[in-house]
Asker: 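Would you mind keeping the following structure in view while I ask a few things?
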Amino acid sequence: MKRLTVIFSLILMIVSVNAKTLIVYYSFSNNIHRVVTELQTQIQADILRIEPQEKGLDYAANNYAIGSALISDIRQNPNSESSYPAIDPVNVNLSEYDMIIVAAPLWWSNMAAPLQTFLFRYGSQMENKNIAMIVSSASSGISGVVGDAKRLIPNGNFLEPNLWIRSSQVSNSRNLISTWLQSIDYDNITSTTLIDKTTDISDIDIVVNVDEINIIGEFDSVSIYNIEGNKLLETNDNIIKTTNIIHGIYIAYFHKNGYQISKKFQIVAK
Ligand SMILES: Cc1cc2nc3c(=O)[nH]c(=O)nc-3n(C[C@H](O)[C@H](O)[C@H](O)COP(=O)(O)O)c2cc1C
């Protein structure tokens, strides 16, 4: 028989509903990718990386000729889908998210073309969502990129300020990101208490046994993160094997009907 080690629900009486965040980004030379990787250590968010359908293109070759041509096509006819380069199919349900962080490289004063393709298709589904912008350039100012986002997400609730990270600052972006998160009031914006709408998921308990945790209650899916913010797994099972998980504090994010609650639990040393 399994030994009951910890019942954590007792100390988790407060139900706070964390708004769910999506970080959507494109990165050609991986500066934005590195910024997003750092950002992920500071907030809980799902990640969506946009990839062009045509692989192996060097957008920077010949004085950025290919990238320049793509931007030129969009500038000439921004309302036509055919102006935007094809991207790989994406699997995202935007209705799950209250906050979307758009992280974009700057190309010739504009948003990198593949990310514009994504926003051209999905921007209208971001109505009334909080939109926060991170932009990286070598040196050019970012207002054109923000302008692209506002054109492509016409009814987004854009947060200020935007975060501008020059290429030279990428390897040292930790402080820039944490200061920026404070300046947009990220914690308050993404932590709302909607008890009336969440009562149906507020009574979930986590029972930690020796080699597994049992989840009592109903939910659509649960994501388990370690304390550093790394996602270990996502499942809809009520029993999760923990044999391969080292002891420590973990956070479970339960989702149901578009709402989310988080609960901490501990796996003790065996
Ligand atoms: C096609 C292309 C055009 C660019 N145009 C500019 C520019 O006009 N001004 C600038 O400061 N940086 C420009 N850059 C540099 C990128 O904005 C910068 O290196 C950024 O950090 C790249 O992000 P990434 O590594 O995530 O792709 C350009 C880069 C490319 C590939």
Side-chain angles (χ1 to χ4, degrees), residues 21-43 45-78 80-88 90 92 100-123 131-153 158 161-181 183-184 229:
T21 299
L22 175 71
I23 304 169
V24 58
Y25 74 103
Y26 166 72
S27 187
F28 170 55
S29 46
N30 274 336
N31 286 341
I32 282 290
H33 175 72
R34 287 157 67 200
V35 168
V36 167
T37 304
E38 173 56 44
L39 177 61
Q40 272 185 281
T41 68
Q42 301 189 30
I43 61 169
D46 290 346
I47 303 290
L48 179 62
R49 182 174 185 161
I50 302 304
E51 295 289 356
Q53 207 170 73
E54 197 170 352
K55 308 297 178 202
L57 291 180
D58 183 353
Y59 298 105
N62 303 322
N63 197 23
Y64 306 103
I66 298 176
S68 172
L70 292 178
I71 291 297
S72 169
D73 285 349
I74 296 173
R75 280 185 192 160
Q76 279 171 30
N77 204 349
S80 165
E81 171 132 32
S82 63
S83 305
Y84 295 82
I87 57 174
D88 284 345
V90 293
V92 67
I100 297 173
I101 299 178
V102 178
L106 174 147
W107 285 6
W108 298 112
S109 302
N110 287 103
M111 181 184 292
L115 195 55
Q116 290 204 49
T117 306
F118 171 77
L119 293 182
F120 183 82
R121 290 199 194 136
Y122 290 89
I131 310 290
M133 294 287 303
I134 300 177
V135 182
S136 179
S137 73
S139 59
S140 301
I142 65 170
S143 59
V145 181
V146 176
D148 286 330
K150 289 185 173 169
R151 170 175 56 85
L152 295 162
I153 313 173
F158 281 81
N162 309 298
L163 176 58
W164 175 16
I165 300 186
R166 284 113 175 136
S167 320
S168 58
Q169 297 172 308
V170 167
S171 53
N172 227 345
S173 61
R174 175 166 301 177
N175 289 344
L176 288 173
I177 291 171
S178 63
T179 307
W180 174 69
L181 288 170
S183 68
I184 61 170

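Counting convention: from 1, in listed order, for ligands and their atoms alike.
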Asker: Where do Ile87 and Gln53 come nearest, in terms of heavy atoms and distance?
Answerer: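 Heavy-atom minimum between the residues: O-NE2, 3.5 Å.
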Asker: Indicate yes or no: at least one non-hydrogen side-chain atom of Ile165 is less than 4.5 angstrom from one of Trp180.
Answerer: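 No, their side chains stay 4.5 Å or more apart.
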Asker: Need the ligand 1 atom indices (1-based, order shown) with element for anything under 4.0 Å from a heavy-atom of Ile32.
Answerer: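 The atoms of ligand 1 under 4.0 Å from a heavy atom of Ile32 are 24 (P), 26 (O).
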Asker: Please write down residue, atom name and distance for the protein heavy atom closest to atom 12 (N) of ligand 1.
Answerer: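 In this structure, atom 12 (N) of ligand 1 has Ala138 N, 3.2 Å as its nearest protein heavy atom.
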Asker: Could you check which of Ser136, Gly141, Ser139 puts a non-hydrogen atom nearest to atom 11 (O) of ligand 1?
Answerer: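 Heavy atom nearest to atom 11 (O) of ligand 1 belongs to Ser139.
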Asker: Show which atoms of ligand 1 fall inside a sub-4.0 Å distance from at least one heavy-atom site of Tyr59.
Answerer: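 Counting atoms of ligand 1 from 1, those under 4.0 Å from Tyr59 are 1 (C).
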Asker: Ignoring hydrogens, what is the shortest heavy-atom contact between Arg49 and Ser27? Give both atom names and the distance.
Answerer: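 It is NH2-O, 3.1 Å.
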Asker: I need the atoms of ligand 1 closer than 4.0 Å to a non-hydrogen atom of Gly67, numbered in the order shown.
Answerer: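 Counting from 1, the qualifying ligand atoms are 1 (C).
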Asker: Please examine the side chains of Trp108 and Arg75, heavy atoms only from C-beta on, and report whether any two atoms are closer than 4.5 Å.
Answerer: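 In contact.
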Asker: Judging by distance only, is a nitrogen or oxygen of Pro105 under 3.5 angstrom from one on ligand 1?
Answerer: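 Not met; the criterion fails.
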Asker: For atom 19 (O) of ligand 1, what is the nearest protein heavy atom, given as residue, atom name and distance?
Answerer: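 For atom 19 (O) of ligand 1, the nearest protein heavy atom is Ser167 OG, 3.4 Å.
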Asker: Of the choices Tyr64, Phe28, Tyr25, which has the non-hydrogen atom that lies closest to atom 30 (C) of ligand 1?
Answerer: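 The residue whose heavy atom sits nearest atom 30 (C) of ligand 1 is Tyr64.
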Asker: Of all the non-hydrogen atoms in the protein, which one sits nearest to atom 10 (C) of ligand 1, and at what distance?
Answerer: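 Of every protein heavy atom, Ser140 OG, 3.4 Å lies nearest to atom 10 (C) of ligand 1.
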Asker: Ignoring hydrogens, just give me the one of Leu106, Leu70, Asn30 whose non-hydrogen atom is nearest atom 13 (C) of ligand 1.
Answerer: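 Among Leu106, Leu70, Asn30, the closest heavy atom to atom 13 (C) of ligand 1 comes from Leu106.
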Asker: Does a donor on one side chain and an acceptor on the other come within less than 3.5 Å for Thr41 and Glu38?
Answerer: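 Present: a donor and an acceptor within the cut-off.
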Asker: Around Arg174, counting heavy atoms of other residues, nucleotides and ligands shown, do more than 12 lie under 6.0 Å from its CZ?
Answerer: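 No, the 6.0 Å shell around CZ holds no more than 12 heavy atoms from other groups.
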Asker: Geometry only, no angles: is Trp107 polar-contacting ligand 1 at N/O separations under 3.5 Å?
Answerer: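 Looking only at distances, the answer is no, because the N/O contact criterion of under 3.5 Å is not met.
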Asker: Using a 3.5 Å cut-off on N or O atoms only, is Trp108 in polar contact with ligand 1?
Answerer: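 Yes - when backbone and side-chain N and O of Trp108 are compared with those of ligand 1, one distance drops under 3.5 Å.
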Asker: Applying side-chain contact (heavy atoms from CB on, under 4.5 Å), run through Gln116 and Arg151 and close with a yes or a no.
Answerer: CA-CA 10 Å; Gln116 290 204 49; Arg151 170 175 56 85; 2.8 Å; yes
Asker: Indicate the atoms forming the closest heavy-atom contact of Ser136 with Arg166, along with that distance.
Answerer: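 Closest heavy-atom pair between Ser136 and Arg166: OG-C, 4.3 Å.
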Asker: Is it the case that atom CD in Glu54 sees more than 12 heavy atoms from other parts of the structure closer than 6.0 Å?
Answerer: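 Open.
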Asker: For ligand 1, is there an N or O atom under 3.5 Å from any N or O atom of Ala60?
Answerer: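 For ligand 1, there is no N or O atom that lies under 3.5 Å from one belonging to Ala60.
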Asker: May I ask you to identify the nearest protein heavy atom to atom 25 (O) of ligand 1, giving residue, atom name and distance to one decimal place in Å?
Answerer: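 Of every protein heavy atom, Ser29 OG, 2.5 Å lies nearest to atom 25 (O) of ligand 1.
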Asker: Identify the two heavy atoms, one from Leu57 and one from Phe28, that lie closest to each other, and give their separation to 0.1 Å.
Answerer: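 It is O-CE1, 3.6 Å.
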Asker: Please report whether ligand 1 has a polar contact with Ser27, defined as an N or O pair separated by less than 3.5 Å (distance criterion only).
Answerer: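 The answer is yes, given that Ser27 and ligand 1 share an N or O pair closer than 3.5 Å.
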